[in-house]
Amino acid sequence: MKVSPSLLSANFGNLTPDIEMINASEADYLHLDVMDGVFVPNISFGFPVMKAVAKLCRKPLDVHLMIVEPDKWINQVRDLGAEIMNVHQEACTHLHSTVQRIHQAGMKAGVTICPATPVSTLVDIIEDVDLVLIMSVNPGFGGQPFIEHSLKKTMEVAELKRASGSKAIIEIDGGVNATTGKRLSDAGAEMLVAGSYVFNAENPLEAIRALKHI
């Protein structure tokens with residue numbers, strides 16, 4: 001299982017120790033949730049913070065833009081050195097064009113769907129993306145309980161992958177812990193985003209390891 005701990009749950013009063021912990025961990029990525037207060041009802045952090053994080057972090061960056069008009073920020077995300085740029089299906093008027101531009105910028109392209117967005121909206125884009133992120137909570141806040149319907153959606157995306165021949169990684173974000181992570185893995189998930197479960201753990205390295213070896 002690939003693991004992408006979410007910086008959203010880290011200690012913003014002193015991020016360096018948390019990033020050093022991620023560097024020393026078995027995590028595959030560092031997940032950056034960017035919120036604009038428009039697309040979602042919260043504001044997280046912007047590019048000045050992400051630039052500072054990118055200098056310290058030795059893991060690839062998995063940048064998740066929960067914002068309107070994500071196309072405007074493709075070059076800035078590229079300049080961070082991000083490996084993955086993930087945009088919301090609901091925020092992109094011309095999703096295929098956005099995915100093309102992310103690829104042209106040299107990054108992997110991910111598309112996210114919110115809890116109320118059906119998997120069927122991915123039919124015409126699944127073959128063009130490198131990653132599909134299923135939100136298993138409503139976007140905007142950390143620490144929310146897992147939405148059970150996300151298991152069914154994970155299985156539906158896995159079936160869509162098989163039917164289309166897509167190589168997209170299935171990533172899940174929200175309410176992830178060792179218990180929900182195992183259930184998601186059984187449903188077809190290949191990458192887990194975890195914030196509270198990792199950063200609020202007594203031993204974050206062990207929490208990451210538990211997810212990694214599900």
Tell me whether Thr98 contacts the main-chain N or O of Cys92 through its side chain, where contact means a donor paired with an acceptor under 3.5 Å. no

For Thr117, check side-chain contact (heavy atoms from CB on, under 4.5 Å) against everything at least two apart and list the hits. Gln89, Glu90, Ile113, Cys114, Thr121

Are any side-chain N or O atoms of Ser44 and backbone N or O atoms of Asp33, one a donor and one an acceptor, separated by less than 3.5 Å? yes

The reported gap from NZ in Lys161 to CD1 in Ile169 (rounded to nearest 0.5 angstrom) is 7.5 Å

Donor-acceptor pair, Asn23 side chain versus Arg58 backbone, under 3.5 Å? yes

If you count every heavy atom of other residues, nucleotides or ligands that lies below 6.0 Å from Lys182 atom NZ, does the total exceed 12? no

Look only at the side chain of Ser4 and the backbone of Leu192, and say whether a donor-acceptor pair between them is shorter than 3.5 Å. no

Would Asp128 and His103 count as a side chain to side chain donor-acceptor pair (under 3.5 Å) if you check the C-alpha gap in whole Å, the side-chain angles of each, and the deciding distance to 0.1 Å? CA-CA 10 Å; Asp128 299 297; His103 282 149; over 6 Å; no

Test your reading of the model: is there a side-chain donor-acceptor pair from Thr154 to the backbone of Ser150, 3.5 Å cut-off? yes

Any side-chain to backbone donor/acceptor pair from Lys153 onto Val119? Under 3.5 Å, distance only. no

Donor-acceptor pair, Asp130 side chain versus Gly110 backbone, under 3.5 Å? no

Is it the case that more than 12 heavy atoms not belonging to His94 sit under 6.0 Å from its NE2 atom? no

Is the shortest side-chain N to carboxylate O distance from Asp79 to Lys51 below 4.0 Å? no

Spell out, as yes or no, whether a donor-acceptor pair under 3.5 Å connects the side chain of Lys59 to the backbone of Ala27. yes

With sequence neighbours excluded, residues passing side-chain hydrogen bond (donor to acceptor under 3.5 Å, both in side chains) with Glu156: Lys152

